[in-house]
Amino acid sequence: MEKIEVSAIGKTGFHDRLFTVEIDELYRAGLMNIEGFGFLQVLWWGHLYAKPAQRRIITVDKPYKKGPDKLGVFATRSPVRPNPLLLSVIQVIRIDAKAGIIYTPYIDAEPGSPVVDIKPYHGSDRIKNLSVPDWCKHWPEWYEDSAAFDWHKEFNF
C-alpha cells in the first residue's frame, strides 16, 4: 500500500472560554480572505486514538443505542479507525489572522490535537436529498439543532 505524508498545520486549543484552531506561522497566509465564512470544516488528527492496536479496529459492537448490534468503523463517526483523520464543522466566532487563531464555541477535538487542514463550509456542501439508515433518522438534520439534541441518549459509551 502506498504511504502518504500528512503534516500538521496547527493545533486545537482553548482560550478565553472559547475553543480555538491555532495555525502555525508558516501556514497563516492560508487564512487570507477567510473572513466572512460563518462555518469551517476542520480536519484534525485523532492523536489520542493512533495507537497501532486502535488503528486495527475495523468493526465495533453496538456504539449507538438504537443502532445495529455491530457496525463497520466506516459506518461510525468514531475517532477509533485505521487512520484517525477526523472532520469537524465549526462555527466561526472571530478570526485573528495575524495571530493565526480561529475562535469557535465548540470543536469535538481535545486541546492540542493536530490540525491537518481547514476548508470553508458553504452552501454547495449541503445535500438536498440526504438519506441515512433508519436507526439514526431521528438525529438532528441541521448543525444548529445538534447542540440542543441529547446525544448522551444515543451512545453506549
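These numbers come from the heavy atoms of this one structure, side chains and all, not from hydrogens, waters or symmetry mates. Index from 1, following the sequence. Computed from a predicted model, the values in this text were never measured in an experiment.
- Applying the salt bridge (Lys or Arg N to Asp or Glu O under 4.0 Å) test to Asp117 and every residue at least two apart in sequence or in another chain returns Lys119.
- Taking each heavy atom of Pro114 and His47 in turn, the nearest pair found is CD-ND1, 3.4 Å.
- Checked against side chain to side chain donor-acceptor pair (under 3.5 Å), Asp145 has no partners two or more places apart in sequence or in another chain.
- The heavy-atom pair separating Leu71 from Pro68 by the smallest distance is CD2-CG, 3.8 Å.
- Residues Val73 and Ile57 fail the side-chain proximity criterion, which asks for heavy atoms closer than 4.5 Å.
- Sorted by first and then second residue, the pairs that involve residues 120-134 and meet salt bridge (charged side-chain N to carboxylate O under 4.0 Å, His left out), not counting sequence neighbours, are Asp134-Lys137.
- Counting only residues at least two apart or in different chains, side-chain hydrogen bond (donor to acceptor under 3.5 Å, both in side chains) contacts with residues 3-16 comprise His15-Glu22.
- The minimum heavy-atom distance between Pro79 and Pro84, with the atom names listed, is O-CB, 3.6 Å.
- Every residue was checked against the side chain to side chain donor-acceptor pair (under 3.5 Å) condition with Lys153, not counting sequence neighbours, and none meets it.
- Screening residues 62-81 for side-chain hydrogen bond (donor to acceptor under 3.5 Å, both in side chains) gives Asp61-Lys70 as the qualifying pairs, with residues at least two apart or on separate chains.
- Applying the side chain to side chain donor-acceptor pair (under 3.5 Å) criterion to Glu154, with sequence neighbours excluded, gives His138, Trp139.
- Legend: salt bridge (charged side-chain N to carboxylate O under 4.0 Å, His left out) pairs involving residues 99-111, not counting sequence neighbours: none detected.
- Clustering of Ile, Leu, Val, Met, Phe, Trp and Tyr by side-chain heavy atoms under 4.5 Å joins Ile9 with Phe14, Phe19, Val21, Ile23, Leu26, Tyr27, Leu31, Ile34, Phe37, Leu40, Val42, Trp44, Leu86, Ile90, Val92, Ile95, Ile102, Tyr106, Ile107, Val115, Ile118.
- Criterion: ILVMFWY side-chain heavy atoms under 4.5 Å apart, direct or through other members. Under it, Ile127 and Trp142 are not part of a common hydrophobic cluster.
- The two residues Arg55 and Ala50 have their closest heavy-atom pair at CD-O, 3.3 Å.
- Applying the side chain to side chain donor-acceptor pair (under 3.5 Å) criterion to Ser113, with sequence neighbours excluded, gives no partner residue.
- Under the ring pair (Phe, Tyr, Trp, His ring centres under 6.0 Å) criterion, Tyr49 pairs with no residue, sequence neighbours left out.
- Shown here for Ala8 and Asp24, the closest heavy-atom pair between the two residues is O-OD2, 4.2 Å.
- Taking the six-membered ring for Trp and thresholds of 30 and 60 degrees, Phe149 and Trp151 have ring planes more than 60 degrees apart, a perpendicular arrangement.
- In terms of heavy-atom proximity, Val89 sits nearest to Tyr143 at O-CE1, 3.2 Å.
- Residues passing the ring pair (Phe, Tyr, Trp, His ring centres under 6.0 Å) test with Phe74, sequence neighbours excluded: none.
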